[in-house]
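All residue numbers refer to positions in the sequence shown, counting from 1. Ligands are counted one by one from 1 in listed order, and the atoms in each one are counted from 1 as well.
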Amino acid sequence: MGEKGLKQAGIEEYALDARLLLEETCSTSRSDLFAHGDRQVGQEQCERYLRLIDKRKRHIPLQHILGCQEFMGLKFKVTPDVLIPRQDTETLVEEVMRILRDGMRILDLCTGSGCILLSLLKYSNSCQGVGSDLSKKALLVARENARSLSLSAEFVQSDLFENIEGKFEIIVSNPPYIPSGEIPLLMEEVRDHDPLMALDGGGDGLYFYREIIKRADRYLYPGGRLFFEIGCKQGAQVSSLMEKAGYGEITVYQDLSGLDRVVTGIYIG
Ligand code: GLN
């Protein structure tokens, strides 16, 4: 019943979404559904399920209906005030993890839900993390995520480096990078439900890379590394911005679909 409605509404992953909404309604897991597939659902649960299906039919993202998203095997709270964590961004976290050593200081610019910084802290020992975002509402979500994962990180309201002090071994960012003119072409779930300020990278999509690269040298220790997530066509441009600013060992990495997704370089000092 739910599946059909979602399919008719043009929801691509209609079967998966219907199952996850059913599991949410009944507080069950996939294996429960397999083992007790014939169990009856009460009237109240049925109505709740249909309300959730109705929301999804209106293209409200599943993550906003469920209130969470898994990222790097961890559960993150998600609200309309933060970008929904994407699987592509796990590539960025994994690349940082390759060079992350105990005790390093990490700065995550445009932290949103905090998913990048908090995953890095979860999978390392005694690193110190600072996350910054322009949005106060996003920072409330990031702090709540830190609490629920039992991690301590400092979250600072800041326009990029504006209120940031000290130096770091690692600066990481998944900044807004969609060229403004392409925003109307995004799928409805993203265009109408992710925060615009988390998507819009200015006319050519590169505004935040320019701003961050311009000032990152003052916040990196010599030998420190800058890591960016990028749009799949931005590898050459972001690499060239870093090269002009004097970074070394500039490398582009691909995501699981084979698309350019991460650029990193070393601050020589
Ligand atoms: N750092 C957050 C994430 O990757 C938010 C990114 C953003 O708002 N552009 O999910």
Side-chain angles (χ1 to χ4, degrees), residues 61-64 67-97 106-123 129-146 148-149 151 153-161 164 168 170-180 182-183 186 189-202 204-212 216 226-232 234 238 253 255-256 259 261-264:
L62 189 71
Q63 295 85 346
H64 287 178
C68 62
Q69 168 66 31
E70 193 192 293
F71 181 82
M72 294 300 295
L74 305 169
K75 188 172 165 185
F76 286 89
K77 174 181 169 156
V78 166
T79 73
D81 294 315
V82 298
L83 188 84
I84 297 170
R86 307 295 208 265
Q87 195 185 18
D88 292 340
T89 306
E90 294 186 345
T91 305
L92 175 65
V93 172
E94 282 160 7
E95 288 307 329
V96 177
M97 274 165 58
I106 312 165
L107 172 63
D108 175 21
L109 298 170
C110 311
T111 195
S113 64
C115 63
I116 297 172
L117 182 69
L118 296 172
S119 306
L120 291 170
L121 293 176
K122 190 78 188 174
Y123 297 120
V130 178
S132 89
D133 205 288
L134 189 56
S135 158
K136 282 187 186 162
K137 288 183 175 168
L139 292 169
L140 293 177
V141 177
R143 287 191 191 109
E144 210 172 311
N145 279 323
S148 70
L149 293 166
L151 292 166
E154 194 187 333
F155 287 105
V156 185
Q157 199 265 331
S158 174
D159 183 356
L160 300 178
F161 295 103
I164 302 300
F168 300 84
I170 290 171
I171 298 180
V172 60
S173 185
N174 173 21
Y177 57 68
I178 313 285
S180 310
E182 289 179 21
I183 289 177
L186 296 172
E189 277 83 346
V190 179
R191 185 190 64 217
D192 297 345
H193 298 282
D194 271 317
L196 180 62
M197 70 185 282
L199 301 171
D200 192 345
D204 63 358
L206 302 173
Y207 172 82
F208 289 92
Y209 301 112
R210 280 196 203 91
E211 290 301 308
I212 293 171
L226 183 55
F227 283 87
F228 286 121
E229 176 170 323
I230 54 159
C232 59
Q234 295 170 328
V238 175
Y253 293 102
D255 61 23
L256 293 175
L259 300 170
R261 190 58 63 198
V262 171
V263 179
T264 176

*So, is Asp108 polar-close to ligand 1, with some N/O to N/O distance under 3.5 Å?*
no
*Please check if atom CD in Gln157 has more than 12 non-hydrogen atoms from other residues, nucleotides or ligands closer than 6.0 Å.*
yes
*asked:* Check this for me: does any side-chain nitrogen of one of Arg210 and Asp204 sit under 4.0 Å from a carboxylate oxygen of the other?
replied: yes
*Classify the contact between Asp133 and ligand 1 as side chain, backbone, both or neither, using a heavy-atom distance cut-off of under 4.0 Å.*
neither
*Looking at atom 2 (C) of ligand 1, what's its closest protein heavy atom, distance included?*
Thr111 O, 3.3 Å
*May I ask you to check whether Ser180 and Asp200 show a side-chain donor-acceptor distance below 3.5 Å?*
yes
_Give me the residue, atom name and distance of the protein heavy atom closest to atom 8 (O) of ligand 1._
Ala198 CB, 3.2 Å
*For the atom pair CZ (Phe155) and CG (Asp108), what is the distance rounded to the nearest 0.5 Å?*
7.5 Å
_Non-hydrogen atoms of His193 and His64 that approach each other most closely_ = O-CE1, 3.2 Å
_Could you identify the single nearest non-hydrogen protein atom to atom 1 (N) of ligand 1 and state the distance to 0.1 Å?_
Cys110 O, 2.9 Å
*For ligand 1, which atoms have a heavy atom of Thr89 less than 4.0 angstrom away?*
4 (O)
_Sub-4.0 Å atoms of ligand 1 with respect to non-hydrogen atoms of Asn174_ = 3 (C), 4 (O), 6 (C), 7 (C), 9 (N)
*Give the residue and atom name of whichever protein heavy atom lies nearest to atom 10 (O) of ligand 1, and the separation in Å to one decimal.*
Cys115 SG, 3.4 Å
*Can you list the steps and then say if Arg86 with Asp194 is a salt bridge (Lys or Arg N to Asp or Glu O under 4.0 Å)?*
CA-CA 12 Å; Arg86 307 295 208 265; Asp194 271 317; 2.7 Å; yes
*CD-OG distance between Glu90 and Ser119, expressed to the nearest 0.5 angstrom*: 7.5 Å
*Mode of Ser173 contact toward ligand 1 - side chain, backbone, both, neither (heavy atoms, under 4.0 Å)*: neither
*Which atoms of ligand 1 sit under 4.0 Å from any heavy atom of Pro176?*
9 (N)
